[in-house]
Amino acid sequence: MSSESTNKLQNNFLREIIAGHVKAGTYGGRVATRFPPEPNGYPHLGHACTICLNFGLAEDFGGACNLRYDDTNPETESLEFVAAMEDAVRWLGYEPANIYFASDYFEQFYEWAVELVKKGLAYVDSQSSEEIRANRGTVTEPGVNSPYRSRPVEESLRLLDEMRRGEHPDGSHVLRAKIDMADDNMLLRDPLMYRIRRDAHHYRRGDEWNIYPLYDWAHGQGDAVENITHSVCTLEFDVHRPLYNWFLDAIGIDEPRNHQYEFARFNLDYTVMSKRKLLRLVEEGHVRGWDDPRMPTIAGQRRRGVRPEAIRSFFDRIGITRVDSSTGMAEYEHSIRDDLNHVAPRVMAVTRPLKLVIENLPEDETTWIDAHYWPHDITPPEGAPTSRRVPLTRELWIERDDFAENPPKGWKRLSPGEKVRLRHGPIVKFSSVERDEAGEAQAVHVEANPDESPGKVKGVIHWVSAEHALPAQFRLYNRLFTDPHPDEQEDFLTVLNPDSLVETEGFVEPSVAEDPSNDRYQFERLGYFWQDPVDSKPDSLVFNRIVALRGKDDHVLTAKGGYTQPVSRKGSITIEPPKEPRDPAARLSDTQRTHFDGLVGRGVGKEEAAVLSADDALRALFEFVLGGYDSPRDIATLLVHDVRRALGGHSATSSMATGNSLAEVLRMVGDGTLTRTGAGEVVRTLVEKGGDAASIVEARGLAAVRDDAALAPFVDAVITENPEEAERFRDGEERLMGFFMGQVMRRAGKGADAKAVQKLLRERLGQ
RNA sequence: UGCCCGGUCGUCUAAUGGCAGGACAGCGGCCUUUGGAGCCGUCGGUGGAGGUUCGAAUCCUCCCCGGGCAACCA
């Protein structure tokens, strides 16, 4: 991957991990991902996110991405959803390298299960599901072993075989992995591998199987069968990762093998994404079906008129992290507009008609105007027509919202006494208004080209000829919920938006009758629209509003358009009072506190003393190093901050070699051979690779350099090359010291003495 | 409550011990025969307290907040 193409993409942690593997040759440069939906519901934008991620990752690294149905639960899955998933992938513009089904691996899984039983790593448990649950323990208490846990291997084997043959009723037995009923991770408390479902009919395997694998006993194994390298799933599976690896170990899959990585699932403000909630919306008739354009389903967004390009660029734009988050609707709408802006010709339509009569135009005359499709700042797509003919007649329809009898301040449209431009047509000046009994405007009369030199007008309004216009229905979609986070409600249906669909009857200019019915347009000043692919017919047009134009003023919404500035969910109102300085030893036991007091008494810093007091291994090492270097404070600092970091969570061991080396490191810092930063580097190498301090310093060139003559060339070069920063620094921008230090240190190496460099920098920068 | 994961502008996201940057939204201006688009400007952030370091969003400690885990679902 070139650095240029890297820069174009929003970088993310998964790309970095994979790039690292590619660079290191971990999988011989191979990258294999998979999109593993369970075919038990219609795909939605969350699936789209996962599709873009997995297929995108494969694409970025020249790898392959499979579509694999995770169809291990015969009770919920169906062929209908299989088709929908595949369709979604293709619509988004991806082609699966292979299409696989976990249910095709059932034989292999079973063979592996038998192997595990034979190895003593799995057993048939004959407790009831209630007993199993009760014996699993709780998050704070360990579970207890099943009475069947030590059942003879032969017996488990026989029972498993009988379970498979359908000789036992549902719930009578399960196969469990034998791990540890006391593990802090509940998933490792002898997880279930198979359950009996004798009467269930699998949509692909029929009645062939009477037992079905559970997720954990299927997913990683499926990945292994397919030689997946990077198995990406959502955050809630993070806690499953140890089990994922345990099963691979148990069946003997060696490195380099598939590994699981988790990312935060996609959430969108003002909508819901869970299968259950979407189902309720459909079943209770709050929407008109799975493909209702208000639904966050792929089918819904597709029917609404959103293009796959918009969805892909959207997911590119928002990125991938491990942080729970919810993306603003404005971001999604921006991606849709940004996509459509360059491909949608501008035409005119009136969604809430008001009659406009141009008094000085003859009744039976039609003027055909050649009107451009594209604004000056848009380059039309290759081969797209640049204009169409629009009829201008005495009677027109204009948008009701474009006329105001009592206009607010800053009004740019039509109002009594004012002039306005008809888009592509003449300037008209208000002359009178007809009203009905209720006082509602029925028609506005105007005069065209009222002055000889009309000059500029403030506003432009859109219109269609009353004689030529085609009647059409407009479906104006708004957010489905009034609250940005419906999931946080007790009942999400209480925040349904009553105005999520506003249907109006109006007119569209006649030219659209000649276009393909799936063209997307911008109806000027309104938004992007296309014909509803289901309900629109040549003689009864129905237009979906894909997305409204961005702006302060949504002409048509009954509910006020736009999205209110969300209030922070994090913002805590309570300001915590300033606390007393924390006592680092507060949580120490009595014995630990004795250690703590002793350490502090010897000059060790309190934070360091607290860590040392609670870590017996590290404290032993401390005492050991003390034998070779007599400064408790420095030893403690090195141990707590450098050694422990290098250890990366592993426990310290106080071997003779380590202790002596650490003492040596400290002596070198003491006599000036090493800088403090250099010491950290040496410690890291020491812990990772072993060796002795002196030869590491030698080999890595870490010996301290604080000689002006040696450092000056680096300092001068950096100053010369960054005159602008130097200027700013001289002007008092003190924070740039960090910048200069970084530049110099990078060139001078880890051995350079930071204090000496800084002193030199200040001199040379004339401060 | 035990374990695990996480916390950077209003929102999404960069910065991998060295100038806290971008995008969306907002606001102001320019431009415009769309109150669109575009361009320019502007507002705005490292949850808190200590510690290590020449230097901390980043490393250490504690606290606070959010999420996940006790289905024979995935």
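First the proteins, then the strands, lettered A, B, ... as listed; each starts at 1. As the structure is a prediction and not an experimental result, all values here were calculated from the model.
Between A:Arg762 atom CZ and B:G55 atom P the separation is 11 Å, expressed in whole Å. When the C1' atom of B:G36 is taken as reference, atom NE2 of A:His342 falls 12 Å away, rounded to whole Å. Protein atom CD of A:Glu608 is 15 Å distant from nucleotide atom P of B:G50, rounded to whole Å. The CZ atom of A:Phe263 sits 16 Å away from the P atom of B:G6 (whole-angstrom rounding). B:C54 atom C1' lies 12 Å from atom CZ of A:Phe729, rounded to whole Å. Residue A:Ile546 contributes atom CD1, which lies 15 Å from atom C1' of B:G36 at whole-angstrom precision. Going from atom OH of A:Tyr270 over to atom P of B:U11 covers 13 Å, rounded to whole Å. We find that NE2 of A:His485 is positioned 11 Å from C1' of B:G10, with the value rounded to whole Å.
Taking a cutoff of 4.0 Å between a charged side-chain nitrogen and a carboxylate oxygen, A:Arg346 and A:Glu524 do not qualify as a salt bridge.
In this model, a donor atom of one side chain and an acceptor atom of the other lie less than 3.5 Å apart for A:Arg34 and A:Ser231. A donor atom on one side chain and an acceptor atom on the other are not found under 3.5 Å apart for A:Glu77 and A:Thr72. Judged by distance alone, the side chains of A:Ser387 and A:His372 never bring a donor and an acceptor atom under 3.5 Å apart.
Screening A:Asp753, A:Asp642, A:Thr637 for a side-chain hydrogen bond (donor to acceptor under 3.5 Å, both in side chains) involving A:Arg676 leaves a single residue, A:Asp642.
Of the candidate nucleotides B:U34, B:A25, B:C19, B:U34 has the atom lying nearest to any side-chain atom of A:Leu549. The nucleotide whose nearest atom lies closest to any side-chain atom of A:Arg346 is, among B:G35, B:U34, B:U52, B:U34. The side chain of A:Arg728 sits closest to B:C19 out of B:C19, B:G51, B:C60. Of the candidate nucleotides B:A25, B:G35, B:A37, B:A37 has the atom nearest to the side chain of A:Ile378. Here the nucleotide nearest the side chain of A:Trp411, chosen from B:G36, B:U52, B:G35, is B:G35. In the set B:A14, B:U61, B:U34, the nucleotide with an atom closest to the side chain of A:Asn12 is B:A14. Distances from the side chain of A:Asn341 to the nucleotides B:U61, B:C60, B:A37 place B:A37 closest.
The base of B:U34 does not come close enough to the side chain of A:Arg525 for any donor and acceptor atom to sit less than 3.5 Å apart. Judged by distance alone, with hydrogens and angles left aside, A:Gln522 brings a side-chain donor or acceptor within reach of the base of B:U34, the pair sitting under 3.5 Å. Between the side chain of A:Arg676 and the base of B:U53, no donor-acceptor pair of N or O atoms lies under 3.5 Å. With hydrogens and angles ignored, no donor-acceptor pair under 3.5 angstrom links the side chain of A:Glu607 to the base of B:C60.
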* Structure fact -> For RNA chain B, the expected dot-bracket line (Watson-Crick or G-U under 3.5 Å, [ ] crossing, | inter-strand) is .((((((..((((....[..)))).(((((.......)))))....(((((..]....))))))))))).....
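Separating the P atom of B:A49 from that of B:G67 is a span of 24 Å, rounded to the nearest Å. Remark: the separation of the P atoms in B:G7 and B:A23 is 23 Å, to the nearest Å. Straight-line distance between the P atoms of B:C30 and B:G45: roughly 28 Å, to the nearest whole Å. Between the P atoms of B:C43 and B:G10, the separation comes to 14 Å (whole Å). Rounded to whole Å, the separation between the C1' atoms of B:A25 and B:U11 comes to 8 Å. Look at the P atom in both B:A57 and B:G21: the space between them is 12 Å, to the nearest Å. As rounded to the nearest Å, B:U61 and B:G22 have C1' atoms that lie 34 Å from one another. Taking the P atoms as reference points, B:C69 lies 15 Å from B:A74, given to the whole Å.
For B:C63, one of the phosphate oxygens OP1 or OP2 lies less than 4.0 angstrom from a side-chain nitrogen or oxygen of A:Arg587. In this structure, A:Arg322 reaches the B:G6 phosphate: one of its side-chain N or O atoms is under 4.0 Å from OP1 or OP2. Contact annotation: A:Arg735 reaches the phosphate of B:A20 (side-chain N/O to OP1 or OP2, under 4.0 Å). Side-chain N/O atoms of A:Arg550 include one lying less than 4.0 angstrom from OP1 or OP2 on B:G26. Contact between the side-chain N/O atoms of A:Ser325 and the OP1/OP2 oxygens of B:U13 is found at a separation under 4.0 Å. Of the side-chain N and O atoms in A:Thr637, none sit less than 4.0 angstrom from OP1 or OP2 of B:U52.
Here A:Arg276 lies out of heavy-atom contact (under 4.0 Å) with every strand. The residue A:His334 sits close only to the backbone: its heavy atoms come under 4.0 Å of sugar-phosphate atoms, none of a base.
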* A:Tyr194 and A:Leu214: side chain to side chain contact (heavy atoms under 4.5 Å, CB included), yes or no, with the steps? -> CA-CA 6 Å; A:Tyr194 280 105; A:Leu214 279 108; 5.7 Å; no
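Ring-centre distance between A:Phe237 and A:Tyr215: below the 6.0 Å cut-off. The aromatic ring centroids of A:Phe314 and A:Tyr332 lie less than 6.0 Å from each other. Ring pair A:Phe315/A:Phe266: centre-to-centre distance below 6.0 Å. A:Tyr244 has its ring centre no less than 6.0 Å from the ring centre of A:His240.
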* Can you check each nucleotide of nucleotides 69-74 of chain B against protein heavy atoms at under 4.0 Å and return B for base, S for sugar-phosphate only, - for none, in 5' to 3' order? => BBSBSB
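For B:A20, the O4'-C1' to base torsion is more than 90° from 0; the nucleotide is therefore anti.
Heavy-atom distances to RNA chain B give each of A:Gly425 and A:Asp642 a nearest nucleotide, and the one nearer the 5′ end belongs to A:Gly425. Summary of the strand contacts: A:Val323 and A:Arg337 both lie near RNA chain B, and taking for each the nucleotide with the nearest heavy atom, the more 5' one is attributed to A:Val323.
Put simply, the side chain of A:Arg337 never gets that close to the backbone of A:Asn341: no donor and acceptor are under 3.5 Å apart. Checked by atom type and distance alone, the side chain of A:Arg322 pairs as donor or acceptor with a backbone atom of A:Glu262 at under 3.5 Å. In this structure, A:His173 contributes its side chain and A:Gln127 its backbone to no donor-acceptor pair below 3.5 Å.
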